[in-house]
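Heavy atoms only: backbone and side chains are in, while hydrogens, waters and symmetry mates are out. Letters go in sequence order (proteins before strands), and every chain restarts at 1. What you see is a predicted model; the values in this text were computed from it and never measured.
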2 protein chains.
Amino acid sequence: MQNLSHDIEKYILDLLEGVEDNFISLRRKELAEMFECVPSQINYVLRSRFTPEQGYLIESRRGEHGYIKILRITCEKTSEKISHINEIIGDEITFKEARKLLAALQSRRMITGRERLLIEVALKHITDSGHDEDTEETAYLLRNMLGGLMGA
Amino acid sequence: MQNLSHDIEKYILDLLEGVEDNFISLRRKELAEMFECVPSQINYVLRSRFTPEQGYLIESRRGEHGYIKILRITCEKTSEKISHINEIIGDEITFKEARKLLAALQSRRMITGRERLLIEVALKHITDSGHDEDTEETAYLLRNMLGGLMGA
DNA sequence: TGCGGTTGATTATCACTGACCTATAAAATA
DNA sequence: TATTTTATAGGTCAGTGATAATCAACCGCA
């Protein structure tokens, strides 16, 4: 027995394992009742463990028939790929180096041309907004974006 | 079984699927009778699910021979897509609004789940890095990213 | 002793309803 | 024919109940 948040995370992960479409719908209230906790605890778990950076998207509706939908973007376990990429990126990376990496990833079919474009636009935004190139922030964002894609 | 609004939405969507011209005409009263609800329920569904932001335009006429016409916007040319999206985004957009737009774009098959995730991570990066939410910068980056995609 | 975890009061949003409002066309009337 | 009346359609808005989100305060362990 770890803790409540961990158990809820595990439960959601198990649910996601068992479906085809890479998404599940659930009721916040019901889940809270199941774990005998306040509903806001569910939000905490989602906020801390099912972020876009971790490869998940959350959709929800309030009111009658409200729900929370959790989408997993990638399913394959590729922790090796991730750590490999993170190793390459490191704590700092220039825009130029980043572009090289992205080109390599595309040629290996790990990302599409469109995805590469999106990442480059985002990285360029950072580079353009600061006076000097912020290689740390670039590395941070790149890790987050690629990590989300590969499924941390 | 979801809920009434969802069923009505589904029905309208099905109707739209089955026509050539990307629009349908219907009677509010008849539809309300079909679903055994008050007529204003139809307005609610249209207002909440068939907005321009979601790619639809509504025309209507009151009085005898009244009708409601639902038009699905399809942007053939890339320049149309881009200007349409730019119009929706405008000069400022909140992270929340952006997420809604991205969900709508994905449901219209204009972006993939992975692409949506990448954009959300990038937008989240902006939101997180400032003290206050910078709706102008969010709009700027979002226009750049989506504009790039539509052109690709 | 700082940070993740936990809690519950408050706030925001969604689905739905119904009373009242506005617009239109056809029929009635002058 | 021109005007008024009537029937019939859709529009608006605020209220209610059911959810979910947020936020700030507290807890507890390494």
Cluster membership besides B:F23, Ile/Leu/Val/Met/Phe/Trp/Tyr side chains within less than 4.5 angstrom, sorted by chain and number, is B:L57, B:L71, B:I73
Considering all heavy atoms, the nearest A:E64-B:N3 contact: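 That closest heavy-atom pairing would be O-ND2, 4.5 Å.
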What is the minimum heavy-atom distance between B:A98 and B:L123, and which atoms define it?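 Taking every non-hydrogen atom into account, CB-CD1, 3.7 Å.
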Applying the salt bridge (Lys or Arg N to Asp or Glu O under 4.0 Å) test to A:E120, which of A:R99, A:K96, A:R114 qualifies?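 Testing each of A:R99, A:K96, A:R114 against A:E120, the sole residue satisfying salt bridge (Lys or Arg N to Asp or Glu O under 4.0 Å) is A:R99.
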Side-chain donor or acceptor of [X] paired with backbone N/O of [Y] under 3.5 Å:
X      : Y      : result
B:Q41  : B:V38  : no
A:R28  : A:I68  : no
A:E115 : A:T112 : yes

Under a 4.5 Å side-chain heavy-atom rule over Ile, Leu, Val, Met, Phe, Trp and Tyr, are B:Y56 and B:I8 clustered together?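 Both belong to a single hydrophobic cluster.
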Residues of residues 61-70 of chain B with a heavy atom under 4.0 Å from any atom of DNA chain D, listed by number, are B:R61, B:R62, B:G63, B:E64, B:Y67, B:I68
Using a heavy-atom cut-off of 4.0 Å to chain B, what are the terminal contacting nucleotides of DNA chain D, in 5' to 3' order? D:dT8 to D:dT12
In this structure, are over 12 heavy atoms from other groups packed under 6.0 Å from A:F35 atom CZ?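 More than 12 heavy atoms, drawn from other residues, nucleotides or ligands, come within 6.0 Å of this atom.
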If you measure from the Lys or Arg side-chain nitrogens to the Asp or Glu carboxylate oxygens, is any gap between A:E59 and B:R116 under 4.0 Å? yes
Whether A:R143 and A:E53 form a salt bridge (side-chain N of Lys/Arg under 4.0 Å from carboxylate O of Asp/Glu) is what I want to check. no
Using a heavy-atom distance cut-off of less than 4.0 Å, which residues of residues 40-52 of chain B contact DNA chain C?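 Of all residues in residues 40-52 of chain B, the ones placing a heavy atom under 4.0 Å from DNA chain C are B:S40, B:Q41, B:Y44, B:R49.
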Residue pairs involving residues 31-40 of chain A (criterion side-chain hydrogen bond (donor to acceptor under 3.5 Å, both in side chains); sequence neighbours excluded): none
For A:C37 and B:H6, find the nucleotide of DNA chain C closest to each by heavy atoms; which residue's nucleotide sits nearer the 5' end? A:C37
Name the first nucleotide and the last nucleotide along DNA chain C (5' to 3') that come under 4.0 Å of a heavy atom in chain B.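 Going 5' to 3' along DNA chain C, contacts run C:dC14 to C:dA26.
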